[in-house]
Amino acid sequence: MPKSALRYAAKVDLDKPAWEHENLHNRWHPDVPAVGTIKNGETVKIECVDWTGGQIKNDDSANDVRDVDLTRIHYLTGPFEIETAEPGDVLVVDIQDVQPLDDHPWGFTGIFSRENGGGFLDDTYPKPAKAIWDFEGINCSSRHIPGVRFAGLIHPGILGCAPSAEVLKTWNDREGQLITECSHMDKVVALPPEPKSVHVGSTEGDVKEKVGREGARTVPGRPEHGGNCDIKNL
C-alpha cells in the first residue's frame, strides 16, 4: 500500500484560458523552461487541457467548433525535468491511467468547418457539427446521438521529449522543404514556426520571441521524439 496519495506534478484550472496557465506551453523548443521535477521511478498525476485549450463548450451549438482558433491549440502540460536523466537518455514512461477531471466528466467529437481546419472528408462534410459525450465510469453517451453508448477509451494525444537545438533544426528544415515542394497543392502539408499565439508558460521577453520564431508546432507527431500520436495504448 502507498504511504500517501499520489503527488500532483501539475494541475490546471478549466475556468481559466489555456494561454493564461503558467504550466502549459504550445511549442517544442529547448528553451521552454521546466515547470517542475519528477524523480526517477516516481508515479505522479498530471492534469491537462483538451486539444483546443478549452475552446469547445458543453452546449448544443457547433459555433465554437466553427470558430475555433487553430493558432491556440495543443497546449502541453510541462515540460518536466527528470532527476538523473541526461541528454540522449531513453526515457521509459508508463501511463497507468487516463481519466476525465472530476469537475469535467465529458468530452466531445466534432466535424470542423471546411473553411477552418476541415478534415479528410470535408468535401463530403463541409459544415461544422459537434456531439458532447458524458462519461459514466468507463462508458460514455451523448444527448446529441441518442441510443449510442460505448466504452470511452481516453488517450493521451501528445507525449514527447523536448528537442535539442539540433533536432529542432532538423524538424524545421525538413518541414520547410516539404512546404516548398508541395506549394502547388491546395492543402496544408506542414505548419512552419508561427509567432502568433505562442505560449511559453510564464516566460516573456526575448525567450518567448525566440520560441515563437523557431519553435516547432505541437500539432504533428515526429519520429525523433513522439509528439502527437493519438494512440490510446501509448
Side-chain angles (χ1 to χ4, degrees), residues 2 4-28 32 34-39 42-65 67-82 93-112 129-145 148-160 197 199-202 218-219 221 226-234:
S4 61
L6 295 178
R7 176 175 73 88
Y8 277 94
K11 303 191 74 172
V12 298
D13 180 357
L14 298 180
D15 293 325
K16 185 166 65 173
W19 49 91
E20 293 182 6
H21 283 71
E22 295 186 355
N23 55 2
L24 301 182
H25 63 289
N26 64 355
R27 298 290 189 277
W28 294 110
V32 177
V35 300
T37 300
I38 298 174
K39 296 178 181 179
E42 182 183 13
T43 301
V44 298
K45 292 182 177 182
I46 299 173
E47 291 186 349
C48 306
V49 297
D50 80 277
W51 75 272
T52 71
Q55 296 184 63
I56 307 304
K57 305 303 180 185
N58 187 349
D59 58 30
D60 301 323
S61 171
N63 288 349
D64 49 8
V65 173
D67 302 330
V68 65
D69 184 348
L70 294 176
T71 70
R72 285 181 158 172
I73 59 173
H74 287 199
Y75 291 85
L76 313 182
T77 306
F80 299 96
E81 292 181 341
I82 307 301
V93 178
D94 292 321
I95 299 172
Q96 304 293 342
D97 197 8
V98 182
Q99 299 179 356
L101 301 184
D102 290 340
D103 57 353
H104 197 272
W106 60 273
F108 69 91
T109 52
I111 298 174
F112 287 80
K130 179 178 73 176
I132 299 297
W133 297 89
D134 298 306
F135 285 97
E136 301 166 358
I138 191 174
N139 294 310
C140 64
S141 60
S142 173
R143 62 185 182 272
H144 298 124
I145 308 178
V148 175
R149 179 182 174 87
F150 63 93
L153 301 178
I154 309 171
H155 61 78
I158 303 176
L159 182 69
S197 301
H199 182 61
V200 196
S202 60
T218 51
V219 175
N228 188 9
C229 298
D230 282 348
I231 301 172
K232 69 179 180 62
N233 292 326
L234 185 65

Return the [atom1] to [atom2] distance between [X] and [Y], rounded to the nearest 0.5 Å.
{"X": "Ile132", "Y": "Ile145", "atom1": "CD1", "atom2": "CD1", "result": "10.5 Å"}
{"X": "Trp28", "Y": "Ile158", "atom1": "CH2", "atom2": "CD1", "result": "7.0 Å"}
{"X": "His199", "Y": "Thr218", "atom1": "NE2", "atom2": "OG1", "result": "11.5 Å"}
{"X": "Leu24", "Y": "Leu76", "atom1": "CG", "atom2": "CG", "result": "8.0 Å"}
{"X": "Asn26", "Y": "Ile73", "atom1": "CG", "atom2": "CD1", "result": "9.0 Å"}
{"X": "Asn63", "Y": "Ile56", "atom1": "CG", "atom2": "CD1", "result": "10.5 Å"}

Looking at every heavy atom in both [X] and [Y], which two are closest together, and how far apart are they?
{"X": "Ser142", "Y": "Ala131", "answer": "OG-CB, 3.9 Å"}
{"X": "Ala9", "Y": "Val44", "answer": "CB-CG2, 3.9 Å"}
{"X": "Pro100", "Y": "Pro105", "answer": "CB-CA, 4.1 Å"}
{"X": "Leu14", "Y": "Asp103", "answer": "CD1-OD1, 4.5 Å"}
{"X": "Arg72", "Y": "Gln55", "answer": "O-NE2, 2.9 Å"}
{"X": "Ala10", "Y": "Phe80", "answer": "CB-CZ, 3.8 Å"}

Tell me if the NZ atom of Lys39 is crowded by more than 12 foreign heavy atoms within 6.0 Å. no

CD (Glu22) with more than 12 external heavy atoms under 6.0 Å: no

Quick one: does any side-chain atom of [X] pair with a main-chain N or O of [Y] as donor and acceptor, under 3.5 Å?
{"X": "Lys130", "Y": "His144", "answer": "no"}
{"X": "His25", "Y": "Gly78", "answer": "yes"}
{"X": "Glu81", "Y": "Thr37", "answer": "no"}
{"X": "Asp69", "Y": "Thr71", "answer": "yes"}
{"X": "Ser141", "Y": "Arg149", "answer": "no"}

For Asp50 and Thr52, does a side-chain donor sit closer than 3.5 Å to a side-chain acceptor? yes

Looking only at the side chains, is there a donor atom on one of His21 and Asp13 sitting less than 3.5 Å from an acceptor on the other? no

Below 6.0 angstrom between ring centroids: does that apply to His104 and Trp106? yes

Is the ring pair Phe150/Trp133 parallel, tilted or perpendicular, if the boundaries are 30 and 60 degrees? perpendicular

